[in-house]
Structure formats: structure tokens, C-alpha cells
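Given the structure is predicted, the values throughout are model-derived calculations rather than measurements.
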Amino acid sequence: MFLDARKLPPGTQIETDVCVVGAGAAGITLALEFADGPFRVCLVESGGLGFEKSTQDLYRGDSVGLPYFALRQARMAGFGGSTGVWAGWCRPLDGIDLEARDWVPHSGWPFDSAHLDPFYARAHPLCQLGPYVYAPEAWETERARRLPLETPQLTTSVFQISPPTRFGDLYRHRIERSNNIQTLLHANVLELEATDFRAGVTRVRAATLDGKTFSIAAKLFILAAGGLENPRLLLLSDGGGRTALGNEHGLVGRFFGEHPYIDSGSFILSDPRLQLGFYYPRRIGGTDATRVRGVFSLAEATLRREKLVNCSILFRPKHESHAAYRAPGVEALRQLWEIWRSKDVPTGLARLVRGMLSDIDKVAVSAYRRAFVGDDEPVDHVRVRTCVESVPNPESRVTLTGERDRLGRRAIRLDWKLDGLEMKSIRRAHELLDAGLRGAGLGRLEVNLEPGASGWPPSMVAGRHHMGTTRMHRDPRQGVVDEHGRVHGLSNLFVTGSSVFPSTGYVNPTLTIVALALRLADHVKRVMASLPEAVEIGSAPQSRGR
């Protein structure tokens, strides 16, 4: 059942068993796992079923660190969350990404990659992906083969790319039909309340944008609101001036991780007809939607020997090899195109249109090339793009400001910081790729990694992948949540999503978000089954006025 919170009587308190805050990839995955089960679930979403500017504006905040998007453009409110705008790139974290590496401070997950494998496999159909296979040789065909690089220090890795899956559209009716789930739309959580902060949360207070307040009482609470909103909600829950929930050791909001993306140069081809099909998205098997593509990455032995962090280098489409693609107006067109295809948050449209019109001649060239230059077209060079793992840094963080949103909640201040090891790893990866290409007689790299005012190349942009702000660790002095996602010191509050990542790898986080949500769902089922006063199967959340 879906319910618009704006229609609730003022002062309503909803009684349920499990309250899930956030209906993005993590929250919807949890709801699917709990659907038609033996306990009542209330799924709480701040937005509606589509983009709403008034709700999106609640995400406004400040960014004071490395150059970043306006925060209200960095994630998406509404049922489905940021899966409504993601590009669908999926790959599991590499085994070394989960290890405690002596050259990467604060690294290490509470479990290894083998532990996550079954959950990744279960996540694949939810993300509309192909088989859980990432060995590059499994995806080679006659027309799409890996380049024979003359170096063992690099490897080829594979991404699978979903349609992309819009969780809100694809799974809405399944959740709506469930007899034990009530989904509240336009319900904005103000704070989590706990009579004894060391015992457990008793309820969440929430409000609608028109000022109506209500609450949700439950036996167990799960925050699944994303890497910026999860820490914000914990920091807002300070009981009127006491220590915020989960923040006994001052870790909530720290270790913010992001993926820097850099247009780092060009691959100059010795043979303009060199086949690069393995490195461009292509359909797989009999699947209509899923695609795969290859990227270059540092071999595990190289990472260990040279004490580097994980990164990848990919080839941009061949039609982007023209100089027109360096024009600001073409970048504005690209952003408009992504918004039209629902891959971006629809804000700043007038500014983008003006920017596009200022370079209309180059826009025309780029549009022609996009339409008529394919991946088999002969070109003398292709642009390359790099993504790198970010080193866990306690000074890269989310805090709250004195500014308040329409609901009176303090806004976010993001201070994104990176370590020098990221750029060292990027430079070394380019050196090795250049040597491998030259050694095989395939061409060479022209690298452009000159720093700008921020110390990073001007082309650097973030992936809008918000990680690490409620990190997972068995030791409460090193993490906000334990290995099950339970907030240290609280018996019934859990957090899931990329905010619990102790480290980031270089891969897009959504597949791991879904895998962790599946893992948490299994744990919550066991916890709920062990509680006294079993709930009758099929009973829905109940509401009552106060």
C-alpha cells in the first residue's frame, strides 16, 4: 500500500515492526526481501513518485572542499532515489579493495570478497544484469578482443551495464501489492528519538512540506537514505543537544569517499582501424538490455608491490575525438541530453541552454558526429578517462551548518578531500599503459594531468558516489556501524547503503549497495524471528491519531 503522508491526520503515530528510511536502491531491495513476510514494514520516502523541485530543494547545502556539484544536484529525491538517474554501471569490488592494506590508512572491511559473492550473485537479477561472471576472457568474441598489451602490470577488467534499472518504476507495483508493507511518500524524517540513547530508537519524527507532523514507532529501524542523508539524520538526532546517535567517537560524517573522474589524455593509434570493440559497451548473449565493456586497471601484484590504490582507464567514444568536444557548449548539450534521458537531476536547465547556444557551431558538429560516427569508424586518436579509488580520510567529511531547510533541519556542509596517493596511482597507471601500448606497437598515450587551482586537473569531476560517512568496523572507535550494519551502542538501529563502505575501490557503488541490502535483509529476518510477540502474517502497519 502506498500512502501520501500529506493526507495523514496531524499527530498520527504509525505503529509497525520495521521502519526503513529511504526508498532508493537499498530501501527498495530491503522492501522486496521483506514483502509478504511475517512482520510489518513501513518504507519512508521524502519525495513522491517523480521529480519534485520542492523536495529536491531540501538537499541544498554547502561544499567547501574540492570542486563539487551543487549538493541538490548530487542525489535524487523520490521513490527509486538516485536509481532514477544512474547510468547502470556495475562491477563487484575487487578482493584487494576489502583488505586492510598497510599502505592505505583506515582500509579493511570486516569480511572478504568471498563472503560477498553470494549476495552479488543475488543482486544481479535485481539490477537486470547478466550472469555473475567478470572474467574478461568470458566476454571476448571474434569482433571484440582484448588488446595484446606488452605488460603484466596492467589487467583488463569488465563492467556490466544495466538498462539502467529504474528501481522505482520496475519494483513499485510489487511493493505496492505486498500485504505487509506500507510506503509513505512525502514523509521527511526530522530526527530519530531514543529515550535512552544506549538502548534503542523508539520512533522517528517526520513532517510533510506543508507543516504536518507525525511519527513512526517500530521495533527496528534502518537508515537507507544515502551517503549524505544517512549521516545527516544521525547528526540531527542529538536529543536537543546531547551526543548525536552513533557519534560517541565523533565518526559520523567522517571518511566521506568519492570517485574522481579525469579526462586524462588521448590514445594515439598506430593503426586508425585498430579494433577497440572490447572496450566499448556492447550487448551480451541473448539479453536485450545488459551490456559489457572493458577497462584497463592495475594488476593486483602491481598494487601490492608499488603500494598504489585501485584505478581504471577507459576509452571515450570515437565520435568524441573531434576538437569540438572540448567546447563548453558541447558539455552543456551533453548534460541536457543526460537530463532528457533521465540520467541527471533536472536543475539549471536555463543556464545549460544558454551555454549550448553560445557554441552552437561546435554543438552542430558534435551532434553530427554522435549520429554518424560509430565505434568501428577509423580515427587517429580516442580520448581516455580515468577513475581512481579514494583513500579513506577522516578529514573528508559531512557536517551540519547553521542554515536550515523548510522543515527547520540543519543543512549539510561537504568538505571533500583527497590524498596524494590517488594522483600517484593515476600517473603510474598511465605510465604502464603507455609502455604497454608502445611495446605492442599499438600506439602511445598523450597524457594531460597538469594540476589546476585545486591541485587536480581542471577536467576532474566527481562521480556523485557518496561513500564512507557511517563506515563499518567491528571496533566502535573505528566505525559507526558493526559488521551487520547495526549502529554501535544501539540495539535496534541499522544503516545500509554506500555510507557504510570502509573503502571505495574504483567501481560504481550500486551493485555493492544492493548486495549489502540483501545481506542486511537476511540478518534482519533472523533478528525479527528471534523477537518475542510474533506478529501475525499479513498484518499491515497501523496508524492512530494522538
- Task: Output yes when a side-chain donor or acceptor of Asn310 lies under 3.5 Å from a complementary backbone atom of Gly505, and no otherwise.
- Result: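 The answer is no, because no donor-acceptor pair under 3.5 Å joins these two groups.
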
- Message: Return the CG to CZ distance between Leu490 and Phe221, rounded to the nearest 0.5 Å.
- Response: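 Here the rounded value is 11.0 Å.
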
- Message: Please give me the minimum heavy-atom distance between Asp36 and Asn179, naming the atom from each residue.
- Response: OD1-N, 3.0 Å

- Minimum-distance pair of heavy atoms, taken over all atoms of Asn247 and Val252: OD1-N, 2.9 Å

- Message: Can you tell me how the ring of His465 sits relative to the ring of His259, calling it parallel under 30°, perpendicular over 60° and tilted otherwise?
- Response: perpendicular

- Query: Is the His484 ring parallel, tilted or perpendicular to the His523 ring (thresholds 30°, 60°)?
  - Reply: parallel

Using 4.0 Å as the upper bound for N to carboxylate O, is an ion pair formed by [Y] and [X]?
X	Y	answer
Asp405	Arg232	yes
Glu15	Arg40	no
Arg385	Asp263	yes
Asp522	Arg526	no
Glu258	Arg464	no
Arg413	Asp415	no
Glu229	Arg75	yes

Contact between [X] and [Y] at the side-chain level, heavy atoms closer than 4.5 Å - yes or no?
X	Y	value
Ser162	Trp86	yes
Phe79	Ile175	yes
Val487	Leu245	no

Test item: side-chain donor near acceptor, [X] and [Y], under 3.5 Å:
X	Y	answer
Gln13	Ser215	yes
Thr290	Gln160	no
Tyr120	Thr512	yes
Thr510	Asn508	no

Distance-only check: which donor-acceptor pairs under 3.5 Å involve side-chain atoms of residues 513-520, not counting sequence neighbours?
residue: Arg519; atom: NE; partner: His115; partner atom: NE2; Å: 2.8
residue: Arg519; atom: NH1; partner: Glu483; partner atom: O; Å: 2.7
residue: Arg519; atom: NH2; partner: Glu483; partner atom: O; Å: 3.0

- Task: With side-chain hydrogen bond (donor to acceptor under 3.5 Å, both in side chains) as the test, would you mind laying out the steps for Ser499 and Asn230 before giving the verdict?
- Result: CA-CA 7 Å; Ser499 69; Asn230 281 345; 3.1 Å; yes

